[in-house]
Amino acid sequence: MILSLQGCMAVGKTTAVRYLQEHAPEIHISYEDNSDVIAQIKARNLDKNKYEDYLEIQRLWLGKEVQRWEKARQYPCTVMDFGAEEIEFYTLNYPKTIGMDWDVADALKPELDAVKACMPDRILFLNASLETLRRNKQNDSTRSRNFFDHYLQHFLPLKKAWFLGRSDVDVLDVDDLTPEKLGQKVMAWVDYWHSKEIWDAYHTDGTLAGCNLVRGEPIPDGLYHLVSEVLVRHIDGDYLLMQRDHRKPNYGGFFEATAGGSALKGEDAYFCAKRELWEETGIRSGNLTSIGRFVSHNTIYETFLCVTDCDKNSITLQEGETVSYKWISEAEFIDFVNSDDMIDVQLQRYLSYLKKMGYIK
């Protein structure tokens with residue numbers, strides 16, 4: 001989970017981040033580390049107010065942000081003091097603030113596309129009045145903010161138009177908040193989203209829709225989430241059945257010929273299948289073959305076959321998901337798929353493979 005704090009200079013992001021570091025040390029904090037890029041800009045004598053130089057400068061910043069995101073995603077939860085959304089905004093909008101109409105989007109398309117793949121799962125925009133921002137600046141003697149007035153006049157209106165109203169942005173008004181209250185509210189926001197499971201949204205053809213879905217929240221019409229399922233067959237021909245936890249609301253206690261679940265944000269179907277296979281059975285395998293695709297209501301199911309030589313006694317169970325397992329012969333599997341014991345919706349999702357194998361009577 002990657003979260004980002006947004007807002008104007010002097011709005012309180014640093015205060016919020018320090019509160020998180022003190023009260024939630026398990027949360028990884030990612031700061032902008034600008035020293036190496038700034039050194040390169042100075043060494044090459046680049047001027048951001050010249051078009052060609054500006055493109056070179058932003059290539060450096062955009063590449064740096066991709067590297068930063070790669071590090072951030074290694075942690076269970078990272079809060080970024082500005083994330084990839086900031087460099088995208090700045091790259092496209094700085095020329096406007098100096099009265100230039102430069103073709104940046106086309107000139108930097110590969111770099112911008114790379115950054116768009118590194119967006120945070122959720123953004124919190126800290127919103128404050130100009131009075132509050134100016135007061136905060138005056139009270140902070142630790143920083144030189146020579147850019148501040150230009151930012152307020154030219155950048156802030158663009159930034160509010162860019163971020164406010166977006167589906168992936170929450171807003172926190174900070175005018176009447178003490179530093180302690182600000183920290184508490186930001187931490188509550190982090191805790192809330194950290195507990196959520198975020199999915200990528202897809203079109204029915206399997207292409208990314210460019211927005212997020214949240215487990216437990218309604219999926220808008222025309223959008224889909226991705227689920228991967230894995231059928232496990234041993235090299236000796238036996239198939240693996242996992243028994244669902246009796247407490248599960250749907251098909252509790254049923255045996256199913258699958259390990260699977262929803263793809264998390266950033267996962268493709270294959271990566272999701274590998275992860276779910278390991279989490280639900282303990283089997284680690286890269287030997288997965290696509291055997292079908294099924295679209296139902298608001299879900300795209302991608303099904304895989306895993307042929308494994310694992311120790312049959314090494315299967316593990318997942319708390320809250322499975323309570324038992326068994327290996328059955330191919331003949332027993334054929335009887336299983338032609339009986340009422342197999343979950344009917346799962347039968348539909350595996351039907352092309354089962355027909356191909358001649359298992360359907």
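For clarity, every value in this text was computed on a predicted model and none was experimentally measured.
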(request) For Ile235 and Asp309, work out which heavy atoms get closest and say how close. (result) CD1-CB, 3.6 Å

Would you say the side chains of [X] and [Y] form a donor-acceptor pair under 3.5 Å?
| X | Y | result |
| --- | --- | --- |
| Lys159 | Gln6 | yes |
| Trp193 | Asp121 | no |
| Ser285 | Asn287 | no |

Is [Y] close to [X] at the side-chain level, that is, under 4.5 Å between some pair of heavy atoms?
| X | Y | result |
| --- | --- | --- |
| His234 | Val232 | no |
| Tyr19 | Leu182 | no |
| Ile198 | Val214 | yes |
| Leu112 | Thr91 | yes |
| Leu108 | Leu62 | yes |
| Tyr251 | Glu256 | no |
| Ile29 | Thr78 | no |
| Leu223 | Asn298 | no |

(request) Assign the ring pair Phe89 / Phe163 to parallel, tilted or perpendicular, where the plane angle (0 to 90°) is split at 30° and 60°. (result)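 Correct class here is tilted.
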
(message) For Tyr54 and Tyr94, take the angle between the two ring planes, folded into 0 to 90°, and tell me which bin it lands in: parallel under 30, tilted 30 to 60, perpendicular over 60.
(response)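 Ring orientation, 0 to 90° scale: parallel.
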
(message) Is there a side chain to side chain donor-acceptor pair (under 3.5 Å) between Glu276 and Trp278? Walk through the geometry before answering.
(response) CA-CA 5 Å; Glu276 289 286 349; Trp278 174 67; over 6 Å; no

(request) To the nearest 0.5 angstrom, please state how far the CE atom of Met100 sits from the NZ atom of Lys50. (result) 11.5 Å

Show me the side-chain donor-acceptor pairs of residues 35-43 shorter than 3.5 Å, one per line, residues at least two apart or across chains.
| residue | atom | partner | partner atom | Å |
| --- | --- | --- | --- | --- |
| Ser35 | OG | Asp33 | OD1 | 3.2 |
| Asp36 | OD1 | Lys64 | NZ | 3.1 |
| Asp36 | OD2 | Lys64 | NZ | 2.9 |

Output side-chain donor-acceptor pairs under 3.5 Å for residues 350-358, partner residues at least two apart or in another chain, one line each.
| residue | atom | partner | partner atom | Å |
| --- | --- | --- | --- | --- |
| Tyr350 | OH | Leu231 | N | 3.4 |
| Tyr350 | OH | Ala257 | O | 3.3 |
| Tyr350 | OH | Thr258 | OG1 | 3.1 |
| Ser352 | OG | Ile291 | O | 3.2 |
| Tyr353 | OH | Arg233 | NH1 | 3.0 |
| Tyr353 | OH | Tyr239 | OH | 2.9 |

(request) Measure centre to centre between the rings of Phe255 and Phe336, then say whether the value is under 6.0 Å. (result) no

(message) Before you tell me yes or no, could you show the steps for Asp175 and Ser129 under side chain to side chain donor-acceptor pair (under 3.5 Å), namely the whole-Å CA-CA distance, both residues' side-chain angles and the distance that decides it to 0.1 Å?
(response) CA-CA 7 Å; Asp175 279 341; Ser129 64; 3.2 Å; yes

(request) Give a yes/no verdict on a cation-pi contact between Lys312 and Trp327, requiring under 6.0 Å between NZ or CZ and the six-membered ring centre and an angle within 45° of the axis. (result) yes

(request) Show which residues join Val227 in its hydrophobic cluster (side-chain heavy-atom contacts under 4.5 Å, direct or indirect), or state none. (result) Phe294, Tyr301

